[in-house]
Structure formats: structure tokens, C-alpha cells
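For clarity, every value in this text was computed on a predicted model and none was experimentally measured. Residues take their numbers from the sequence shown, with the count starting at 1. Side chains included, hydrogens not; waters and symmetry mates left out as well; all remaining heavy atoms used.
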Amino acid sequence: MSLRSQFDTDVLLTGWGHSKFGKLTGESLESLIVQVATEAIDGAGIDAGQIDEVYVGQFNSGMMPLAFPSSLALQVSDQLANVPATRVENACASGSAAFQQGVKSLLAGTAKTVLVIGAEKMTDAGADVVGAALMGADYDNAGTPSTTGFTGLFAEVAKAYEKRYGPVGDTLGTIAAKNHHNGMANPYAHLHKDFGEEFCRTVSDKNPMVAAPLRRTDCSPVSDGAAALIITTRPGSGAHTAPVRLAGFGQANDFMPAVRRDPTEFAAVRVSWQRALAMAGVALEDLDFLEVHDCFTIAELLMYEALGITGDGQGARALEEGWVFKDGKLPVNVSGGLKSKGHPVGATGVSQHVIAAMQLTGTAGDMQLAGPRRAAVQNMGGVGIANYVSVLEAV
């Protein structure tokens, strides 16, 4: 079973674009969208007039005044005049939500070529505005003031994990150090500094506790950035690289109230993962690498368990035995993840797909793994609320 056999068609990623992530004071949301969309169209070797539909993933939630960005992509070319364009929002999973909406348009036959964009401009707003906007994605705290956003919520997840399984401070420090080290090879990454395990494990003036037990190095940065993809059922001959096939995808949503969720289980993450692998007809051992949603280091630790790399409460083994490092049997977040690459929330899911496509086509530069053939991307919004998984493979 695979998407191809189930729907009697291929969904192919044929072009992509990616901006630098970081504090991009010289860029606007519009300029970022135009940059990455142009790169994706050029990379696919098509004219803009061949695009049937546009989906733009963006969270915003008050972080910038313009709350209606869907037609900004039309600034790329006059050929995009009157092309349907839709903004998609599902918290920090907005990018993957836009991707799956594009996929469903292709599978429905209402489009043959879709431009998917993920973009966010966050750093122009103050910490209080960003924090309050992000808290708008939480059922229990929406509307409350915040300067730290979801840090406190994931700190509660970490506390629950420690209560059930024991201390995790050193383990989280190792995850942070791994991803900062990986990010050094990523030219798009927001943070380019190899801090090392000792620094990441230790509370200090330069690495303060933000919300115990999460230190600054346990938290992804507030970032600007964008990424884009061309997905299609009709690949042309003009693409700069071989296409990448979508083998399967899954989505699952959990209940919003925290009292209805086990904070250490990420139950809907598991369901979205199982759905994607089942559609693709593969198992964990068939994958060569993962890009997962490490908005906080405790999230990556829980992903090791939710995705079946280890059993529950045993996530530290994935680090202790070297499995998830770049030279391990299943590298995780070779891009540096959200932790180092940055987390412009609407862009994140599309960025993960772009990075995976680059790896699978051997065009990832210094990030490149040795001949990967199949990968999975996992993106979530809220504390495991909106969950998306894609399985991608080299053609």
C-alpha cells in the first residue's frame, strides 16, 4: 500500500525554496513569500502560469497587522492573477496543514500543480505580543498575558515526564547540543553556535532557566522566515533536480483541554504517525532520517517515544546509544531542528519538507547524509494538538 497505489497517482515535490531564518529586519512578509515562491517555481522548471492553486501557511494571531496574506504570492508574477489562493492556519503546524491541503487538491483532481508556502514574520513584535499570540493556541491560557509563550506549557510537560520517569535535565541538554551542532552545517539556520553538552546542561548567566526545568538552550528562538514547495501530479522535464515522491501522509488532532490529554503520551502524534506509515506501507526501520517538531527539547525526547524509536520512558536511550545523531542509524533533525534552525511558526512545516527533499535529492550541501532514500517529517501545533506526518521518498 502507498499513496500512489491507493489514489492511482503520484504526488511529487518538484521545486522548493527556503529563506534564511532569523531576525530579518530588512525583509517583510511579502518579500519573504516572493523570494521562496520564485525559487520554488524556478527550481521546478515551470512558468508561474502553470500553477493551479496556492496555499499559504501562516499563524500570525496578531504578531503583525496584515492578517490576510493569501494573495501576496501573486506578487511573484502577473501570470498568477486570478489563481485561487488560500491562507491555512493550524497553530505551529500551519505549514504542514497548507501542504496537506495542497496534496488533497491534487488527489481530488481540482488542481494538477500547487504552490505551497509557509511564512512568518515574528521579530518585529515585542515579546509580550509574540507571547500572547502564541498563547492563543492554548485552550486553557488563551487571552492571558505572556512573554515566554509556550515555554511554561512545555515545562509542565517536562515536569510530568520527570515525575513519571525521573530527571531529564542532562538528556535535554544533550538534545540541545546535538541540534546546535547539526545547525552549524545549515546555511538557513537562525542560530549558528556549537554550544556543547556541558553548556546546554548547565544553568548560567548565558543559559538561564526560562521555566524550570527548561533552560534557554531548551527553547527554539523567535524567528522570521519562509519556505515554499511546488507539488504536482504532472512533473515536467525542466526541474533542476529529480523529484521527490510523497509516499504517505497522516493527520490527527487531540482534545484542546489539557485535562483530557496525558502530557507525556502525545497520543494524537502517535495516530498521525501510524496513519502516514500505513498509507506509505513502511515501518520505522524503512526510514533513513527524520525531521521532527522540537519546539522545545522535551518535545523531541517525547517524539522518540511517540514515534516508536524507543519505548515510553526510554527516550534517553536514543541518545545514549547514538541512534539519532547524524552518524546514527536514524538521524533526527540533521537540519538543527526548530531548536537551531529557528521556528517562524507558519514556515516550519514547509521548511521541514524542503530540508527532507534536499536530503533525498543529494542537494543538502554540508547537511547531506550518505544516500538517504526515505524520510519522515513530523510537525505539530499546540502541545500535541494538531499533528501532521509526511513520508517522503527519492524517485
Problem set entry | Test of ring centre spacing under 6.0 Å for His180 and His192 | no
Exercise. Hey, does the side chain of Gln378 reach the backbone of Val269 with a donor-acceptor pair shorter than 3.5 angstrom?
Worked result: no
Exercise. Checking side chain to side chain donor-acceptor pair (under 3.5 Å) for the pair Asp224/Thr123: CA distance, chi angles, key distance, verdict?
Worked result: CA-CA 6 Å; Asp224 306 324; Thr123 67; 2.6 Å; yes
Seminar exercise, completed: Which of Ile175, Thr174, Thr202 passes side chain to side chain contact (heavy atoms under 4.5 Å, CB included) with Glu197? It is Thr174
Problem set entry | Validation row: Glu162, Pro213 side chains within 4.5 angstrom (heavy atoms) | yes
Exercise. What's the shortest heavy-atom distance between Thr151 and Ala211, and which atoms?
Worked result: CG2-CB, 3.9 Å
Exercise. Once you round to the nearest 0.5 Å, how far does CD1 of Ile33 lie from OG of Ser28?
Worked result: 8.5 Å
Exercise. Are Trp273 and Val383 connected, step by step, through hydrophobic side chains (Ile, Leu, Val, Met, Phe, Trp, Tyr) whose heavy atoms are closer than 4.5 Å?
Worked result: yes
Exercise. According to the interplanar angle, ranging from 0 to 90°, do the rings of Phe154 and Phe150 count as parallel (below 30°), tilted (30 to 60°) or perpendicular (above 60°)?
Worked result: tilted
Problem set entry | Criterion side chain to side chain donor-acceptor pair (under 3.5 Å) on Thr241 and Thr361, from CA distance to verdict | CA-CA 7 Å; Thr241 59; Thr361 54; 4.6 Å; no
Exercise. Can you find a side-chain donor-acceptor pair between Asn90 and Tyr388 that sits under 3.5 Å?
Worked result: yes
Exercise. Can you check whether Trp323 reaches Thr310 side chain to side chain, under 4.5 Å on heavy atoms?
Worked result: yes
Exercise. Where do Val354 and Gly17 come nearest, in terms of heavy atoms and distance?
Worked result: CG2-O, 3.9 Å
Problem set entry | Steps toward side chain to side chain donor-acceptor pair (under 3.5 Å) verdict (Gln368, Gln359) | CA-CA 6 Å; Gln368 187 64 52; Gln359 285 284 356; 3.2 Å; yes
For this session: Mind checking the CZ-CG spacing from Arg234 to Asp10? Nearest 0.5 Å is all I need.
Result: 15.0 Å
For this session: Report yes if some heavy atom in the side chain of Arg275 is under 4.5 Å from a heavy atom in the side chain of Val389; otherwise report no.
Result: no
For this session: Indicate whether the side chain of Ser340 and that of His190 have a donor and an acceptor atom separated by less than 3.5 Å.
Result: no
For this session: Indicate whether any N or O donor in one side chain lies under 3.5 Å from an N or O acceptor in the other, for Gln35 and Ser19.
Result: no
For this session: Report whether Val292 and Tyr304 are members of the same hydrophobic cluster (ILVMFWY, side-chain heavy atoms less than 4.5 Å apart, transitive linking).
Result: yes
Exercise. Rounded to the nearest 0.5 Å, what separation is found between the NZ atom of Lys20 and the CD atom of Glu27?
Worked result: 11.5 Å
Seminar exercise, completed: Nearest heavy-atom contact between Met64 and Gln58 is SD-NE2, 4.0 Å
Exercise. Within a reach of under 6.0 Å around NZ of Lys112, are more than 12 heavy atoms found that belong to other residues, nucleotides or ligands?
Worked result: no
For this session: State whether a side-chain donor-acceptor pair under 3.5 Å links Thr264 with Asp262.
Result: yes
Exercise. Is the closest side-chain heavy-atom distance between Val56 and Leu115 below 4.5 Å?
Worked result: no
Exercise. Should Met367 and Phe21 be counted in the same cluster of Ile, Leu, Val, Met, Phe, Trp and Tyr side chains packed under 4.5 Å apart?
Worked result: no
For this session: Tell me yes or no: between the side chains of Thr147 and Asp128, is some donor less than 3.5 Å from an acceptor?
Result: no
Seminar exercise, completed: What one should report as the nearest heavy-atom pair of Leu246 and Ser390 is CD1-CB, 3.9 Å
Exercise. Has the side chain of Asp286 got a donor or acceptor atom that lies under 3.5 Å from a matching backbone atom of Ala283?
Worked result: yes
For this session: Answer yes if the side chains of Asn179 and Glu300 hold a donor-acceptor pair under 3.5 Å, and no otherwise.
Result: yes
Exercise. Is it true that Met63 and Leu29 fall in one hydrophobic cluster, defined by side-chain heavy atoms closer than 4.5 Å?
Worked result: no
Exercise. Which atom pair, heavy atoms only, marks the closest approach of Thr348 to Gly342?
Worked result: OG1-O, 4.4 Å
For this session: Return the minimal non-hydrogen interatomic distance between Asn379 and Cys92, and the atom names on each side.
Result: ND2-O, 3.2 Å
Exercise. Looking just at side-chain N and O atoms, do Asn253 and Gln251 make a donor-acceptor pair shorter than 3.5 Å?
Worked result: yes
Problem set entry | Donor-acceptor side-chain pairing of Glu291 and Ser335 below 3.5 angstrom | yes
